**Q** 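Handing you a structure now.
In each ligand, atom 1 is the first atom listed, and ligand 1 is the first ligand listed. Only this structure's heavy atoms are used, side chains among them; waters, hydrogens and symmetry mates stay out. All values reported here derive from a predicted model rather than from experimental measurement.
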Amino acid sequence: MAFEVRTVKDLDEFTSAAFAIGQYFGMVPTEERMQRFLDLITLDRMHAAWSDGAVVGGAAAFTFNVTVPGGDLPTTGVSVVGVYPTHRRRGVLRSLMRAQLDDAHERGEPLAALWASEETIYGRFGYGLAAFCGEINLAHEYMAFAQPFEPAGMVRFLEPDEALEAIPPVFERIRVDWPGMFSRNRLWWEHREFRDPEEGAEGAGPKRWIAYEQNGAIEGYAVYRHKPGWEAGSTIAELRVLEALGSTPEATRDVWAFLLAVDWKANLTASLLPPDHPLFLLLATPRRMRYRMGDGLWVRLVDVGAALSGRRYGEEGALVFDVQDDFCPWNEGRWALEDGTATRTDAEPDLRVPVQSLASAYLGGIPFSALARAGRAEELKSGALMRADRLFMWDRHPWCPEIF
Ligand SMILES: CC(C)(COP(=O)(O)OP(=O)(O)OC[C@H]1O[C@@H](n2cnc3c(N)ncnc32)[C@H](O)[C@@H]1OP(=O)(O)O)[C@@H](O)C(=O)NCCC(=O)NCCS
């Protein structure tokens, strides 16, 4: 069935489109809330699908840059995707994805990225799982570090106003080296990081910001909440870490040491941590974190040539890919990657990959060899998988610390 799909023209249309997903989250679409949302998304990045003159679905995109190995690329930050339950499974999502990816292509954004409500939805549109992440729930009695150390700096509290000025530059310094992280503009910091509505706290207290200073400079920070609680006269309080980052290994260690040591809690919880998080090596009993891993960031190479040319590689080398991409046929076919630049070629391919697998390997998160073992990449010339793994590997697992 064909649906009219176009970008919205005003706040009313924007609200109807946002409500396509909002209704599943119990959202009350007040004007103030929608205006705040619109500040971050803009009308020209909200696609809506219409049926009989009414909005029946929506798909939005934030405009930001995602860090890639050795670079930073404009990205369609897909979000707010939903279809009214009255019109499900009639192709509304497919029409929206078509319009959104065509738009991204025209804008020249080489990547699209998203967090999926369900893993089953986006593969058919060319998205591949590019980064894993996981949650922890660590009981207070297991906070000990494996090796003794003296903190190298000091922690102090920041008032939100002060934090709004002090923290973004620290985040940005860390962000530019970490594949998978995305840039946050001022409005993003104000609306998403520093706004602290009571309903967002889910029973916990307000956000507390701390800065970690070394030699007079802020080298790390954390934002967390306390969720107080009592049971049989003892605390069952939770310290909920929302974000904790350090710009040096010492800063990361000391920020976490501070959080872990906070008294009068039963548990420390955090989510979205990467599987190579330093805590695994810092803690005396890392298994007590009960790390539960799942899918994190999904990536789509909107423009295979620009995406491959837009990152750096672990070593010099050449490789020819035969890319399969039925949803964005402009990517389909053979690409030669040589000295960091991708061009069209007629040469015999080394590897055959669906575009989803190329996306999974792109940020350095999932080796081609692992994809091949899962039947998601095919080695056409002996040794090509190992060569591809060495080219695409980076110094860390990609990490997106925030659901957008
Ligand atoms: C997920 C959702 C957007 C799908 O919309 P839809 O209009 O029903 O999807 P379409 O009819 O265009 O389906 C396109 C394809 O995706 C498949 N599909 C859609 N939703 C799916 C789901 N939740 N799980 C598995 N497959 C799904 C369809 O079966 C169809 O498959 P095909 O290409 O093999 O024919 C809609 O169900 C929804 O709004 N769900 C609740 C909110 C949500 O999860 N949004 C996503 C936020 S990340």
Side-chain angles (χ1 to χ4, degrees), residues 1-8 13-29 33-34 37-38 40-41 45-64 66 75-104 109 111-133 135 180 182 192 271-272 294-300 302 324-329 331-332 354-357 359-360 376 400-404:
M1 190 167 168
F3 293 89
E4 183 200 349
V5 174
R6 61 167 170 81
T7 52
V8 297
E13 289 187 358
F14 182 86
T15 301
S16 302
F19 195 61
I21 178 72
Q23 61 193 287
Y24 297 95
F25 286 96
M27 181 186 88
V28 180
R33 185 185 185 126
M34 287 298 108
F37 223 173
L38 186 54
L40 294 176
I41 289 176
R45 299 230 72 171
M46 172 64 95
H47 282 90
W50 269 262
S51 176
D52 296 328
V55 170
V56 294
F62 297 111
T63 307
F64 49 53
V66 165
T75 300
T76 305
V78 179
S79 188
V80 199
V81 177
V83 171
Y84 283 63
T86 48
H87 287 71
R88 63 186 287 282
R89 305 300 183 273
R90 297 184 205 174
V92 176
L93 175 67
R94 180 168 285 275
S95 311
L96 287 163
M97 290 291 108
R98 174 78 276 141
Q100 190 180 60
L101 281 170
D102 286 346
D103 184 36
E109 291 170 350
L111 302 179
L114 56 79
W115 288 83
S117 64
E118 296 178 87
E119 307 98 307
T120 44
I121 301 174
Y122 294 99
R124 60 176 51 74
F125 306 119
Y127 288 85
L129 169 57
F132 293 104
C133 70
E135 59 191 27
F182 62 92
R192 306 243 340 193
S271 57
L272 314 183
D295 56 313
L297 194 70
W298 291 68
V299 166
R300 213 254 185 245
V302 179
Q324 301 159 319
D325 189 350
D326 54 5
F327 202 67
C328 294
N331 288 323
E332 182 92 16
V355 74
Q356 294 87 342
S357 296
S360 293
R376 304 300 307 271
C400 184
E402 181 180 6
I403 295 176
F404 52 83

**Q** Suppose we screen for side chain to side chain contact (heavy atoms under 4.5 Å, CB included). Which residues come up paired with Asp326, at least two apart in sequence or across chains?
**A**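 Once residues adjacent in sequence are excluded, Asp326 has no partner under the side chain to side chain contact (heavy atoms under 4.5 Å, CB included) criterion.
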
**Q** So how far is it from Arg33 CZ to Met27 CE, rounded to the nearest 0.5 Å?
**A**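 Here the rounded value is 6.0 Å.
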
**Q** Backbone N or O of Leu129 within a donor-acceptor pair of the Gln356 side chain at under 3.5 Å?
**A**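 No: the side chain of Gln356 does not pair with the backbone of Leu129.
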
**Q** In Å and rounded to the nearest 0.5 Å, what is the OG to OH distance from Ser360 to Tyr127?
**A**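 Taking OG in Ser360 and OH in Tyr127, the distance rounds to 13.5 Å.
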
**Q** At less than 4.0 angstrom from any atom of ligand 1, which residues have a non-hydrogen atom? List them by chain and residue number.
**A**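 Heavy-atom contacts below 4.0 Å: Ile21, Tyr24, Val81, Gly82, Val83, Arg88, Arg89, Arg90, Gly91, Val92, Leu93, Arg94, Trp115, Ser117, Glu118, Thr120, Ile121, Tyr122, Arg124.
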
**Q** Restricting to salt bridge (charged side-chain N to carboxylate O under 4.0 Å, His left out), what partner residues turn up for Glu135, sequence neighbours left out?
**A**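 Residues passing salt bridge (charged side-chain N to carboxylate O under 4.0 Å, His left out) with Glu135: Arg292.
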
**Q** Return the set of residues passing side chain to side chain contact (heavy atoms under 4.5 Å, CB included) with Cys400 (not counting sequence neighbours), or none when no residue passes.
**A**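 Counting only residues at least two positions away or on another chain, Cys400 forms a side chain to side chain contact (heavy atoms under 4.5 Å, CB included) with Trp115, Phe182, Leu297, Phe404.
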
